[in-house]
Amino acid sequence: MKLGFSTNAFKKTTLEDAIQVIGRIGYRGVEIMADVPHAYPPEMPPDRIKRLIQQLRDLKLEVSNVNAFTLFALGDTYHPTWIEDDPALRKQRVLHTHNVMHLAFAIGAKTISLQPGGPQGTLKREDALKRYEDGLRSCLWTAEQLDIKLLIEPEPGLMIQYSRECVDFLKQVNHPNLKMNCDLGHFYCMEEDPAKVLRECAPWIEHIHLEDIKANRVHQHRVPGEGAMVWPEIFAAIREIKYDGWLTVELYPYESTAGEVAKKAWDFLQKYL
């Protein structure tokens, strides 16, 4: 198992400074936030990408994943979504995803995590799913050409929340470059057993996000070991399914103490790796 940490906890620092801290702690991988203030593709010219690649090499870091979930550069955490009523806004999300794929290819990443459509609101579910599928299909040819996996990340409150919803949708689209980003805390919030999700969804899982959640199951990312999730069972399931990909810790609420919580998470998880 390979452990990474997401730069989206470091939104008060530059991408380069975040990577430096993550590498010095001992993580083998770093998840790159493909948005402001880190690696929004229009702000990643070739010379900066070249320097980024060299920095990763110097720190002996790999890119565990590229996070294309948020789009603060054009809207907010979710907007523009894949399922907006305005086709021009949906097009912005699709174009962003294409740009992130090319960035991922340039820095040697193999996966991109995506929001699961967005907030559904009053939109009929069948219409929302159709819009999402259409948008993804317009990206999958490029994903195939670049050998990039697009990963749907179910999240509480969004169009796809449960593991079964995600797998059903993946089966419907049926494309080898479309898989799941398995955020274990999100499933715990939805009262699913993370260990059971790992076992049942193993063929679809291409990347795993780690964080802890309190017993009240409110969607608030906590440092592993500071919530109610049962880590021995989770890691037993990870070993049982013979998962050998990246485990990326995602602690975006801790902007003011990102380096401190990255170290706490590292220390806690060592006994399970």
Side-chain angles (χ1 to χ4, degrees), residues 1-74 76-77 96 99-115 148 151 153 181 183 185 207-212 220-226 245-270 273:
M1 287 178 277
K2 302 176 292 185
L3 189 63
F5 194 89
S6 180
T7 69
N8 68 2
F10 289 83
K11 288 190 286 292
K12 290 189 175 182
T13 69
T14 66
L15 171 65
E16 291 79 5
D17 287 347
I19 290 171
Q20 203 70 21
V21 173
I22 292 166
R24 285 175 176 171
I25 289 171
Y27 287 95
R28 291 176 59 190
V30 58
E31 178 182 88
I32 303 292
M33 178 185 179
D35 197 359
V36 293
H38 286 173
Y40 181 51
E43 298 177 1
M44 296 294 291
D47 61 327
R48 189 180 180 199
I49 290 175
K50 184 177 180 180
R51 292 194 301 271
L52 173 61
I53 292 170
Q54 188 58 55
Q55 182 185 23
L56 293 169
R57 286 174 180 165
D58 291 344
L59 291 167
K60 295 180 173 57
L61 280 172
E62 297 179 54
V63 181
S64 61
N65 179 53
V66 178
N67 191 327
F69 195 112
T70 64
L71 194 39
F72 295 112
L74 300 178
D76 55 30
T77 303
H96 176 63
N99 290 340
V100 175
M101 282 191 280
H102 286 283
L103 172 64
F105 179 78
I107 61 178
K110 291 295 185 180
T111 61
I112 296 172
S113 54
L114 308 173
Q115 62 168 241
I148 299 288
L151 310 183
E153 181 180 331
N181 183 44
D183 189 304
H207 180 257
I208 295 173
H209 266 168
L210 301 180
E211 72 276 348
D212 216 336
Q220 182 71 28
H221 289 211
R222 302 288 178 176
V223 179
E226 296 184 2
W246 286 103
L247 308 168
T248 298
V249 182
E250 190 191 32
L251 297 176
Y252 58 82
Y254 294 88
E255 295 179 16
S256 298
T257 56
E260 178 184 334
V261 297
K263 182 63 166 61
K264 282 184 179 179
W266 167 264
D267 291 341
F268 175 79
L269 292 169
Q270 290 310 299
L273 297 178

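Looking at heavy atoms from C-beta onward, K264 lies in side-chain contact with E226 at the 4.5 angstrom threshold. Residues P253 and Q220 are in side-chain contact: their nearest non-hydrogen atoms beyond the backbone lie under 4.5 Å apart. Residues V261 and V249 are not in side-chain contact: their nearest non-hydrogen atoms beyond the backbone lie 4.5 Å or more apart. No side-chain heavy atom of L74 sits less than 4.5 Å from a side-chain heavy atom of H96. Here the side chains of L251 and E211 are in contact, with some heavy-atom distance below 4.5 Å.
Closest heavy-atom contact between A106 and I49: CB-CG2, 4.2 Å. In plain terms, the two heavy atoms of P224 and L269 that are nearest each other are CB-CD2, 4.1 Å. Nearest heavy atom pair, residue L103 against residue P41, reads CD2-CG, 4.4 Å. Counting all heavy atoms, side chain and backbone alike, D17 lies closest to T14 at N-OG1, 3.0 Å. Closest approach of G4 and W246 over heavy atoms only: N-CE3, 4.1 Å. Taking every heavy atom of both residues into account, I25 and G259 meet most closely at CD1-O, 3.9 Å.
Under the 3.5 Å distance criterion, the side-chain polar atoms of T7 are left unmatched by any main-chain donor or acceptor of F10. Within the 3.5 Å criterion, the main-chain N or O of E31 finds no donor-acceptor partner in the side chain of N65. Side chain of H221 to main chain of G185: no donor-acceptor pair is present (N/O by atom type, distance under 3.5 Å, no hydrogens or angles).
Annotation: the span from S6 atom OG to I22 atom CD1 amounts to 7.0 Å, rounded to 0.5 Å. If you take CD on Q115 and OG1 on T77, they are separated by 9.5 Å, rounding to the nearest 0.5 Å. Here the CD1 atom belonging to I107 is positioned 11.5 Å from the CD atom belonging to Q55, to the nearest 0.5 angstrom. The distance from atom CG of L15 to atom CD of Q20, rounded to the nearest 0.5 Å, is 11.0 Å. In this structure, the separation between CD1 on I148 and CE on M101 is 8.5 Å, given to the nearest 0.5 Å. In this structure, CG in L151 is found 8.0 Å from CD1 in I112, a value given to the nearest 0.5 Å.
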side-chain contact (heavy atoms from CB on, under 4.5 Å), that's the test. Do K263 and V21 meet it? Break it down for me.
CA-CA 9 Å; K263 182 63 166 61; V21 173; over 6 Å; no
>> Under the criterion side-chain contact (heavy atoms from CB on, under 4.5 Å), I'd like the reasoning laid out for N67 against N181: C-alpha separation, chi angles, the key distance, then a yes or no.
In response: CA-CA 10 Å; N67 191 327; N181 183 44; over 6 Å; no
K11 vs E255, test: salt bridge (Lys or Arg N to Asp or Glu O under 4.0 Å). Steps then yes/no.
CA-CA 6 Å; K11 288 190 286 292; E255 295 179 16; 3.5 Å; yes
*asked:* Please evaluate residues F268 and V223 with respect to the criterion side-chain contact (heavy atoms from CB on, under 4.5 Å), reporting the C-alpha separation (whole Å), side-chain torsions for both, the decisive distance (0.1 Å), and the verdict.
replied: CA-CA 9 Å; F268 175 79; V223 179; 5.9 Å; no
Apply salt bridge (Lys or Arg N to Asp or Glu O under 4.0 Å) to the pair E43 and R48, showing each step before the final yes or no. CA-CA 9 Å; E43 298 177 1; R48 189 180 180 199; 5.5 Å; no
> Can you list the steps and then say if M33 with F72 is a side-chain contact (heavy atoms from CB on, under 4.5 Å)?
Replying inline: CA-CA 11 Å; M33 178 185 179; F72 295 112; 3.9 Å; yes
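Checking H207 against T111 by side-chain atom types alone, no donor-acceptor pair falls below 3.5 Å. Judged by distance alone, the side chains of D35 and T70 do bring a donor and an acceptor atom under 3.5 Å apart.
For K2, the NZ atom is densely surrounded, since the number of other residues' heavy atoms within 6.0 Å is greater than 12.
Residue pairs meeting the ring-ring contact (aromatic ring centres under 6.0 Å, His included) criterion with at least one member in residues 11-36, sequence neighbours excluded, are F5-Y27, Y27-W266.
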